[in-house]
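I have placed the structure first, in the form of structure tokens, so that the comments after it can refer back to it.
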Amino acid sequence: MAFTLDYMQKKFSLQSILIVLSAYFLTGCTKNIVLKVPTAPTQITVEGHIEPGGLAYLYLSTNFSFFGTISISNIIQNNVIHNAVVTINDGTTTDTMKEFIPSIGYYQSLHMTGQIGKTYSLTVKAIGQTATATTTILAPIPLDSAWFEISKGKDTLGFIYARLTSPLPAGRCYRWMAQRIGKDTTYLAPSFSAFNDQFFAGQTIQFAYQRGSFPGSTAKDDTDAEAGYFKVGETVSVKFCVIDPTAYTFFKTYYTQLASGEDPFASDAPILGNIQGGQGIWCGYGTSYKTVYCK
């Protein structure tokens, strides 16, 4: 079929008019919408732990706005809870926890230490609210072995590997932490440090973890090529913990939210803890240790 020049000019003129009209109506129908985001009520937020032979400790703060500005200085100034009344009970004895480091809301028991098999009830009274929780220190299940391996393409950097035999029946939950002796001030957990034995109970598995760091750390080896790696010459203490299913769910949902925090398409979901009347976790650790020489 042949088209004349006059026909083509009329056709393109009509298309141009339609495009202009469409653009006009589309832009003319726009409307600025202001979303009113509801403000969450202020609640006590707890991160507390107790383990065999150790004093109970916890950090106290309040929650903050999902769309607010998050910085260490803001949290310390506006969210840390001071002068809280914190008690811990093991079924027979009650101990009061003292605020030892006010700048970070760090509280510690004065006398009570953890024992395997005991259940500990926590009560926090602050900002006109009361938060409670219970946790049990479960029997430890030690790692079969742990060792260091240099990663492919790295001269001196690698991960810590381990073997674990998780006994039947299924249902046990674990958490992994590690501390570089002489370098780290405490045990640090890497991302997704908690897991359960749903698919390997009664079997022996081999796995590895990267090196953890403090959230937002600006230390040189947390921001350069060594970030996430252990290094030849380091001595590492691995702290392997048995935790209850509630604590496992907390850490799982926590790390999931942390990983999706910068994804604009990620769906919001609650972090599920065991604090009644507040947020967070009160966790008993059934601990065992391995020392690894990175060589």
Side-chain angles (χ1 to χ4, degrees), residues 46-59 88 90-91 95 97 100 106-122 133-148 159-167 171-197 200-201 204-214 230 234-252 254-255 273-274 280-293:
V46 179
E47 183 189 347
H49 309 279
I50 186 169
E51 59 189 72
L55 295 167
Y57 66 93
L58 55 80
Y59 298 89
I88 178 175
D90 64 359
D95 192 12
M97 301 181 74
F100 274 89
Y106 177 84
Y107 293 73
Q108 184 175 287
S109 60
L110 299 176
H111 309 289
M112 187 175 293
T113 58
Q115 296 182 41
I116 296 172
K118 278 198 171 185
T119 297
Y120 297 87
S121 299
L122 175 73
T134 59
T135 189
T136 301
I137 298 179
L138 302 176
I141 298 177
L143 294 167
D144 300 335
S145 58
W147 66 96
F148 169 78
F159 302 131
I160 302 294
Y161 286 74
R163 287 192 182 92
L164 168 67
T165 301
S166 190
R172 288 177 174 82
C173 304
Y174 304 97
R175 194 178 190 214
W176 166 289
M177 289 176 277
Q179 179 181 12
R180 297 173 298 172
I181 304 302
K183 289 187 175 182
D184 299 324
T185 58
T186 187
Y187 285 91
L188 299 171
S191 295
F192 295 97
S193 59
F195 59 97
N196 63 22
D197 67 355
F200 62 86
T204 299
I205 63 164
Q206 178 174 309
F207 61 97
Y209 268 113
Q210 74 275 25
R211 177 172 62 83
S213 62
F214 284 110
F230 297 96
E234 294 176 341
T235 299
V236 179
S237 175
V238 174
K239 181 178 180 178
F240 192 65
C241 311
V242 177
I243 58 178
D244 62 32
T246 301
Y248 163 71
T249 300
F250 170 82
F251 291 117
K252 179 183 177 182
Y254 166 77
Y255 285 118
N274 63 351
I281 188 69
W282 168 235
C283 177
Y285 284 143
T287 54
S288 59
Y289 297 85
K290 289 284 186 186
T291 299
V292 178
Y293 301 99

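Atoms considered below: every heavy atom in the structure, side chains included; atoms not considered: hydrogens, waters and symmetry mates. Source: prediction; values computed, not measured.
Between the side chain of Asn274 and the backbone N or O of Ala247, no donor-acceptor pair lies under 3.5 Å. Judged purely by atom type and a 3.5 angstrom limit, Asp95 has no side-chain atom pairing as donor or acceptor with the backbone of Ile88. Checked by atom type and distance alone, the side chain of Asp144 pairs as donor or acceptor with a backbone atom of Thr165 at under 3.5 Å. Thr135 places a side-chain N or O within donor-acceptor distance of the main-chain N or O of Gly284, the cut-off being under 3.5 Å. Here the side chain of Tyr209 pairs a donor or acceptor atom with the backbone of Phe192 at under 3.5 angstrom. The backbone N or O of Pro167 sits less than 3.5 Å from a side-chain atom of Arg172, completing a donor-acceptor pair. In this structure, the side chain of Asp197 engages the main chain of Gly171 through a donor-acceptor pair within 3.5 Å.
For the 3.5 Å distance criterion, the side chains of Ser121 and Thr134 fail to qualify, holding no donor opposite an acceptor.
Atom OG of Ser213 is separated from atom CG of Asp184 by 9.5 Å, given to the nearest 0.5 angstrom. Summarising the geometry, atom CG belonging to Leu122 is positioned 7.0 Å from atom CE belonging to Met97; distances are rounded to the nearest 0.5 Å. Phe100 contributes atom CZ, which lies 8.0 Å from atom OG of Ser109 (distance to the nearest 0.5 angstrom). With rounding to the nearest 0.5 angstrom, the OG1 atom of Thr185 is 7.0 Å from the CD atom of Gln179. Interatomic distance, CD1 of Ile160 versus CZ of Arg180, reported as 11.0 Å (0.5 Å rounding). Here OG1 of Thr287 is found 13.0 Å from CZ of Arg175. Values are rounded to the nearest 0.5 Å.
Note: Phe195 and Phe240 have tilted aromatic rings, judged against thresholds of 30 and 60 degrees for the angle between ring planes.
Ile243 places a side-chain heavy atom less than 4.5 Å from the side chain of Tyr285. You'll find the side chain of Leu58 reaches within 4.5 Å of the side chain of Tyr107, heavy atoms only. The side-chain heavy atoms of Ser166 and Tyr174, taken from C-beta on, include a pair separated by under 4.5 Å. Looking at Ser237 and Tyr289, their side chains come closer than 4.5 Å, going by heavy atoms from C-beta outward. At a threshold of 4.5 Å between non-hydrogen side-chain atoms, the residues Thr246 and Trp282 do not count as touching. Contact of the Phe148 side chain with the Glu234 side chain is not registered, since no non-hydrogen atoms from C-beta on lie closer than 4.5 Å. For the pair Val292 and Phe230, the minimum side-chain heavy-atom distance is 4.5 Å or more. Side-chain contact between Ser288 and Leu143 is absent, with no heavy atoms from C-beta onward closer than 4.5 Å.
Counting all heavy atoms, side chain and backbone alike, Met112 lies closest to Leu55 at O-CD2, 3.5 Å. In terms of heavy-atom proximity, Cys283 sits nearest to Phe251 at SG-CE1, 4.3 Å. Heavy-atom minimum distance, Pro52 versus Ile116: CG-CG1, 3.7 Å. When all heavy atoms of Ser191 and Gln210 are compared, the closest pair comes out as N-NE2, 3.8 Å. In terms of heavy-atom proximity, Ala162 sits nearest to Trp176 at CB-CZ3, 3.8 Å. Shortest non-hydrogen contact noted between Leu188 and Gly212 is CD1-O, 3.7 Å.
Annotation: Tyr293, atom OH; neighbour count of heavy atoms from other residues, nucleotides and ligands within 6.0 Å does not exceed 12. The local environment of OH in Tyr254 is sparse, with at most 12 non-hydrogen atoms from other residues, nucleotides or ligands closer than 6.0 Å. Around NZ of Lys290, the count of heavy atoms belonging to other residues, nucleotides or ligands within 6.0 Å exceeds 12.
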Could you go step by step and tell me if Ile50 and Ile137 meet the side chain to side chain contact (heavy atoms under 4.5 Å, CB included) rule? CA-CA 8 Å; Ile50 186 169; Ile137 298 179; 4.2 Å; yes
Please step through side chain to side chain contact (heavy atoms under 4.5 Å, CB included) for the pair Phe207 and Phe200, ending with a clear verdict. CA-CA 12 Å; Phe207 61 97; Phe200 62 86; over 6 Å; no
